[in-house]
Amino acid sequence: MRRVVLVLVAFVALVGCREVRVNQVRTGTTAVAGPTQVVVVRDKHNLEVLGITAAVNFRKEFAVILLMGPHRESGFAQIIESIRANADRVRIVAFERAPIDGGEPSAAYRTYTMWFVPNIAYQPGSHVDVVTPSGDAITATTLR
C-alpha cells in the first residue's frame, strides 16, 4: 500500500504546483512479446496492441505503462521503489521480484504496471527514465 501511495504522490509532483491525481494504478501480465520498455498510451488501439485491456477514458487521461520481461517462469512481479519528477524529467526506480519458489514453466509473458494520468499532466518533451535501485538504466522514453 505504501508503494501505491508513493506512486500517487510522485505523479502529483509531475506537474509541479498544479494538482494532478493519478486515477488508478494497475498491475498484471501480457503475453505480447517485446523488450522491457516504458510506453505512453493515448488511445485504445495502442493499448490493445500491448495485449492489455483496461477502461481508460482517453478524452481525460492517458496511460503510462512499464513493461518488463519476457519471462518463462510464472510468478514474477514488478516492484516500484520510487518515482521522482521535476518539470522536464520523471525517474522511476523499479525492479522485478523473482518467484520465491522458482516458479513453474509457462508461456513467455511480460509484467506491467500501468498508471492513469490526467491529460493536464502531459508535457511533450519530458523524459521518462526507468532505472534499477543501483542506478543502472533499464529503459527510457520521451513524451511526444
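We number each residue from 1, following the sequence as shown.
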Checklist line | Smallest separation among heavy atoms of Val41 and Asp43, with atom names | finding: CG1-O, 3.3 Å

Notebook entry, point to check: Under 3.5 Å, side chain of Arg89 to main-chain N/O of Val128, donor-acceptor pair present?
Noted result: no

Check: So do Val131 and Asp136 actually touch side chain to side chain, heavy atoms under 4.5 Å?
Finding: no

Margin query: Has Tyr109 got a side-chain atom pairing as donor or acceptor with Gly69's backbone, closer than 3.5 angstrom?
Written below: no

Next item on the list: State, yes or no, whether a side-chain contact exists between Asp129 and Ile138 at a heavy-atom distance under 4.5 Å.
Entry: no

Margin query: Are Leu143 and Ile83 connected into the same hydrophobic cluster when the rule is that any two of I, L, V, M, F, W, Y join if their side-chain heavy atoms are below 4.5 Å apart?
Written below: yes

Check: Do you know the tightest heavy-atom contact between Thr30 and Leu50?
Finding: OG1-O, 2.6 Å

Item checked: Same apolar cluster (I L V M F W Y, side chains within < 4.5 Å links), Ile80/Val25 -> yes

Note to self: Do Pro133 and Glu81 make a side-chain contact, defined as non-hydrogen atoms from C-beta onward lying under 4.5 Å apart?
What the structure shows: yes

Notebook entry, point to check: Is Val56 reachable from Leu67 through a run of I, L, V, M, F, W or Y residues, each pair having side-chain heavy atoms under 4.5 Å apart?
Noted result: yes

Check: Under 3.5 Å, is there a donor-acceptor pair linking the side chains of Thr111 and Gln78?
Finding: yes

Margin query: Looking at every non-hydrogen atom in both residues, tell me the closest pair between Val90 and Ala85 and how far apart they are.
Written below: CG2-CB, 4.1 Å

Next item on the list: Nearest 0.5 Å please: distance from the CZ atom of Phe116 over to the CD1 atom of Ile65.
Entry: 7.5 Å

Check: Are any non-hydrogen side-chain atoms of Gln37 and Met68 less than 4.5 angstrom apart?
Finding: no

Next item on the list: May I ask you to check whether over 12 heavy atoms, not counting those of Arg26, lie within 6.0 Å of atom CZ?
Entry: yes

Checklist line | Rounded distance (nearest 0.5 Å) linking atom CD1 of Ile79 with atom CZ of Phe95 | finding: 5.0 Å

Checklist line | Rounded distance (nearest 0.5 Å) linking atom OG1 of Thr139 with atom CD1 of Ile92 | finding: 10.0 Å

Item checked: Val64 and Val38, any side-chain heavy atoms less than 4.5 Å apart -> yes

Check: Which atom names give the shortest non-hydrogen contact between Pro99 and Ser74, and what distance separates them?
Finding: CG-O, 3.1 Å

Notebook entry, point to check: CZ of Arg91: more than 12 outside heavy atoms within 6.0 angstrom?
Noted result: no

Checklist line | Closest heavy-atom pair and its distance - Arg42, Phe62 | finding: NE-CB, 4.1 Å

Notebook entry, point to check: Which atom pair, heavy atoms only, marks the closest approach of Met114 to Ala54?
Noted result: CE-CB, 3.7 Å

Item checked: Check: Tyr122 side chain, Val117 main-chain N or O, donor-acceptor pair, under 3.5 Å -> no

